[in-house]
Amino acid sequence: MSDPRVFFAAERTLLAWVRTGLTIIALGFVVARFGLFLNLLVASGEISKNGGAASAHGISGVFGIILVLSGTVTILGALLNHRHYVSSLPLEDLPRLSLPWLSSFLSLSVATIGFLLAVYLLFT
């Protein structure tokens, strides 16, 4: 008996991990840019330089890049796990899809954007 619900459950799980990875990437970007915000506050005189805001930019930038790369690795790991699981399913459990590569393409696209964002944050 064919049961396509197994495959679609795996697809939903992959998409949930992509959402989680994308959230981690977004958090990393916010953390990386928070140090820039602190430097602007120091430059405007809102807070004193003794508060350590100048060094916070470097620390938050590194931590933000680590989070962006963690989100990217999360997405790639989820994609590899998904592909391994789907390849273990019997052929009768695999539904005929018009675009069977779409979830892999989405995952790889988001992971590529995450990697490019980490490179951007590293050099700015």
If you look at every heavy atom in Ile25 and Val110, which pair is closest and at what distance?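 Heavy-atom minimum between the residues: CD1-O, 4.4 Å.
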Are [Y] and [X] co-members of a hydrophobic cluster defined by side-chain heavy atoms under 4.5 Å apart?
| X | Y | answer |
| --- | --- | --- |
| Val62 | Phe115 | no |
| Val30 | Val119 | no |
| Leu99 | Phe105 | yes |
| Leu117 | Val18 | yes |
| Val6 | Leu94 | yes |

When rounded to the nearest 0.5 angstrom, what distance separates [atom1] in [X] from [atom2] in [Y]?
| X | Y | atom1 | atom2 | value |
| --- | --- | --- | --- | --- |
| Phe63 | Phe34 | CZ | CZ | 13.0 Å |
| Leu122 | Ile65 | CG | CD1 | 4.5 Å |
| Leu15 | Phe8 | CG | CZ | 11.5 Å |
| Ile24 | Arg19 | CD1 | CZ | 12.5 Å |
| Leu121 | Leu69 | CG | CG | 9.0 Å |
| Trp17 | Leu22 | CH2 | CG | 14.0 Å |

Distance-only donor-acceptor pairs under 3.5 Å for side chains of residues 70-82, two or more places apart:
{"from": "Ser70", "atom 1": "OG", "to": "Ile66", "atom 2": "O", "distance (Å)": "2.8"}
{"from": "Thr72", "atom 1": "OG1", "to": "Val68", "atom 2": "O", "distance (Å)": "3.0"}
{"from": "Thr74", "atom 1": "OG1", "to": "Ser70", "atom 2": "O", "distance (Å)": "2.7"}
{"from": "His82", "atom 1": "ND1", "to": "Ala10", "atom 2": "O", "distance (Å)": "3.4"}
{"from": "His82", "atom 1": "NE2", "to": "Glu11", "atom 2": "OE2", "distance (Å)": "2.9"}

Under 3.5 Å, is there a donor-acceptor pair linking the side chains of Ser103 and Arg83?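 Side chains of Ser103 and Arg83: no pair found under 3.5 Å.
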Are there more than 12 heavy atoms of other residues, nucleotides or ligands under 6.0 Å from atom CZ of Phe7?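 For Phe7, atom CZ is crowded (more than 12 foreign heavy atoms under 6.0 Å).
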Residues that Arg96 engages under salt bridge (Lys or Arg N to Asp or Glu O under 4.0 Å), provided they are two or more places apart: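 Not a single residue meets the salt bridge (Lys or Arg N to Asp or Glu O under 4.0 Å) criterion with Arg96.
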